[in-house]
Amino acid sequence: MARLLSLRAAVAELVHDGDMVALEGFTHLIPFAAAHEVIRQGRRDLVLVRLTPDLIYDQMIGMGCARKLVFSWGGNPGVGSLHRFRDAVTTGWPTRLEVEEHSHAGMANRYVAGASGLPFAVMRGYRGTDLMKQTATIASITCPFTGEELTAVPALNPDVTVIHAQRADTDGNIQMWGITGVQKEAVLAAKRSLVTVEEIVDVLTPVPGQVILPTWAITAVALAPGGAHPSYAHGYYDRDNTFYVQWDQISRDRDTFTDWMTHHILPQPETLAS
Amino acid sequence: MTTTDHHDNSDTGLGWTADEMMTVAAARQLKPGTSCFVGIGLPSTASNLARATHAPHHTLIYESGCLGARPDRLPLSIGDGILADTALAVITVPDVFN
């Protein structure tokens, strides 16, 4: 059964230095508030896992939380590069960053294998690309029935997966809708999980297209209204596309980035105090 | 149109940019009745241009799981709310890639 905790207490208990951590949410429902709490608590040497690192991992990398990134499509959608990610890879600032690059399809299948209790997933992907030579966790495999050459990728089983959802009920059952990405698989693949939510309600009223994660599949739930901003929460607030464009200038320069994080992220928000 | 590091928005002196010409050329390749797996940036612009002109029933599939999206403004990302709001169906990422 999931426990209802403050975000500060949940991060302190569930996210440890050196952990493999997946903060998932595919453009929608990205758990920014949780990431900011991880940054405030000064976690180090994390192996960060995500489809599309997005601004959330650009911030964590730039603040020195990560030693390795397991990812697909590393950019600021529709805008350009992730400059803190780029700086870490090319110059080692603020720390060296090891990278393990996959495709979205590969990452999705790795979570599915992890959630299914299987050691690897089989797919038709990567053939004809250079990623097979760059990434050790991509291998060829022959179908035992047809002889077809396919691709295998190993399961991902994060120490902790963190997602954001629209609602939880007071028992800790989770409800999300809109673009639900790969969050269900990422949670079920993980050893521990934390779900931040826009609101906690008595009863989860059904919504078309909803995904329900039952309380017994979740370790902890924390209330974090607005916790997906500058991404969005369908039915609550829109994606802050203006901020995604502004991030290009905020993040391009090390000092500007550090100053922005120091003023906007490092101070503890009053709403999250326990 | 969005701006990125690698885009060429310089004026050709002919009243259009190279990006705009590429977008128009790509849109013309998208015939009525076809479907397209749409990437963000110029591909998304091209696909929506085709839908707004010669191929109104051209089907857009975004990797976020938005099938048959019909946005009335251009999205900045492949997962903007306008795509989910206007899609025929929204499916999961494992479903859209497998």
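Lettering follows sequence order; numbering is per chain, from 1.
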Heaviest contributor of heavy-atom pairs below 4.5 Å to chain A, chosen from B/P94, B/A84, B/G65, is B/P94
Heavy-atom contact with chain B under 4.5 Å, split by part of A/N241: both
Are A/Y57 and A/W73 an aromatic pair, judged by ring center distance below 6.0 Å? no
Heavy-atom pairs under 4.5 Å with chain A - which of B/D95, B/D80, B/I78, B/I40 has more of them than the others? B/D80
For A/D58, check salt bridge (charged side-chain N to carboxylate O under 4.0 Å, His left out) against everything at least two apart and list the hits. none
Does a donor on one side chain sit under 3.5 Å from an acceptor on the other, for A/N109 and B/N98? yes
Residues of residues 180-191 of chain A with a heavy atom under 4.5 Å from any heavy atom of chain B, in residue-number order, are A/T180, A/G181, A/V182, A/E185
Which pairs, with at least one residue in residues 24-34 of chain B and sequence neighbours excluded, count as a side-chain hydrogen bond (donor to acceptor under 3.5 Å, both in side chains)? B/T34-B/H58
Which pairs pass side-chain hydrogen bond (donor to acceptor under 3.5 Å, both in side chains) with one or both residues in residues 21-35 of chain A, sequence neighbours excluded? A/E24-A/Y111
Are A/F26 and A/H104 near enough that their ring centres are under 6.0 Å apart? yes
Test item: side-chain donor near acceptor, A/E149 and A/T142, under 3.5 Å: yes
